[in-house]
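A quick write-up on the structure given underneath.
For reference, positions follow the sequence shown, starting with 1. Atoms within a ligand are numbered from 1 in the order they appear, just like the ligands themselves.
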Amino acid sequence: MTALSRRDFLRTGAGAAALAAGSGLKLRAATAPGSPPGPRVVASGNGLKATAKAMDVLRAGGAPLDAVIAGVNIVEDDPDDMSVGYGGLPNEDGVVELDASVMDGPTHSAGAVAALRNIRNPSKVARLVMERTPHVLLVGEGALKFAKAQGFEEEDLLTEKSREAWMLWKEKKSGAPEAEGREVPTTHGTINCIAVDAAGRLAGVTTTSGLSWKLAGRVGDSPVIGAGLYVDNDIGAAGSTGLGEANLLTCASFRIVEAMGRGAGPEQACLEALEAVAAKVRLIPRLRDADGRPNFGLEFYALSKKGEFGAAGFFEGGRYAVHDGVENRHRDAAYLFKRRPGRRRAGGEPRPG
Ligand code: GLY
């Protein structure tokens with residue numbers, strides 16, 4: 001079956017049902033029947049406080065971009081979330097390097113920073129790249145110089161907890177006996193948050209400390225517009241969490257929004273994008289297991305201009321956060337594969353979101 005005909009097949013109820021029967025893929029309704037259009041806020045599983053905050057901002061008349069950034073700032077500031085901002089797990093040198101992107105639907109503008117050190121809210125810096133420069137993406141030293149010029153204060157983003165995790169990782173790597181039996185936390189988690197207001201205005205943000213123990217200078221999908229985040233104010237918004245390298249090879253967020261533009265529901269569009277990644281992963285030995293399935297986690301989130309939402313990940317058991325205008329709660333994400341007992345994903349068991 002060609003990629004195109006497979007997509008068409010997926011879009012039909014019969015195709016979806018057949019796939020569901022064959023692969024563990026599970027489909028669900030994108031919105032509760034009869035639910036009103038926006039405002040809606042969707043985020044990765046670590047974003048329940050972010051969706052609540054973003055909805056407060058929308059209800060107070062704030063713009064969707066203000067809303068999503070205010071939401072993820074809570075997680076960036078949280079020392080206990082080791083996948084984002086302050087307290088995020090560092091690179092192999094013990095330095096926290098952050099990536100973030102923002103995109104505003106009504107102005108179709110975007111800003112991003114990558115490998116940014118010492119600034120705990122990269123999403124705020126990304127916004128200023130969008131608003132105060134003619135550029136979209138600033139990286140490394142240049143991003144830090146820009147942030148400082150904009151008044152951001154430098155600070156050490158390594159907390160005691162993340163420093164201890166780094167030391168343990170180093171001990172394990174060198175085979176130190178003290179590290180035996182102790183589990184090293186590993187993450188390529190991230191927070192993505194996307195929103196639509198009652199007027200159908202969309203915005204999104206993705207922010208992360210990226211893959212833990214990465215090479216210095218490694219950049220994931222989060223700050224890459226079209227990969228970790230994409231917003232088209234005529235259609236919808238999408239974003240990702242999970243192993244950025246896989247998404248960088250397939251640009252899923254753009255793909256998901258385009259699929260919604262062709263009539264796919266948000267959840268279906270996420271599943272189609274995962275299918276596309278899974279097909280390419282079969283060609284990449286370091287990213288596949290013995291059966292040719294992805295050996296890592298990747299999750300996508302999508303929201304349409306009409307307020308329909310959905311999310312999907314490779315494996316069963318993922319959750320995402322949704323404020324549907326009435327209640328703020330976690331929902332089960334759709335998935336392609338039932339997780340196999342005893343199997344671990346590459347780099348350890350990543351947290352969803
Ligand atoms: N998706 C986050 C990263 O891989 O950096």
(message) For a quick check under 3.5 Å, do Asn192 and Ser44 share a side-chain donor-acceptor pair by atom type?
(response) no
(message) Regarding Glu141 and Lys145, does a basic nitrogen lie under 4.0 Å from an acidic carboxylate oxygen?
(response) no
(message) Just to check, does Arg218 reach to within less than 4.0 Å of ligand 1 when the distance is taken from its heavy atoms?
(response) yes
(request) Would you please classify the geometry between the Tyr301 ring and the Tyr320 ring as parallel, tilted or perpendicular, with 30° and 60° separating the classes? (result) tilted
(message) If the cut-off is 4.0 Å to any non-hydrogen atom of Gly242, which atoms of ligand 1 fall inside it?
(response) 1 (N), 2 (C), 3 (C), 4 (O)
(message) Quick check on contacts: which atoms of ligand 1 are under 4.0 angstrom from a heavy atom of Ser222?
(response) 1 (N), 2 (C)
(message) On the six-membered ring of Phe309, is Arg40 placed so that its NZ or CZ lies under 6.0 angstrom from the centre and within 45° of the ring axis?
(response) no
(request) Provide the number and element of each atom of ligand 1 under 4.0 Å from a heavy atom of Gly220. (result) 5 (O)
(request) Compute whether any side-chain donor of one residue and acceptor of the other, for Thr190 and Thr241, lie under 3.5 angstrom apart. (result) no
(request) Run the numbers for me: atoms of ligand 1, each under 4.0 Å from some heavy atom of Thr190, listed by number. (result) 1 (N), 2 (C)
(request) Answer yes or no for Asp221: is there a heavy-atom contact with ligand 1 below 4.0 Å? (result) yes
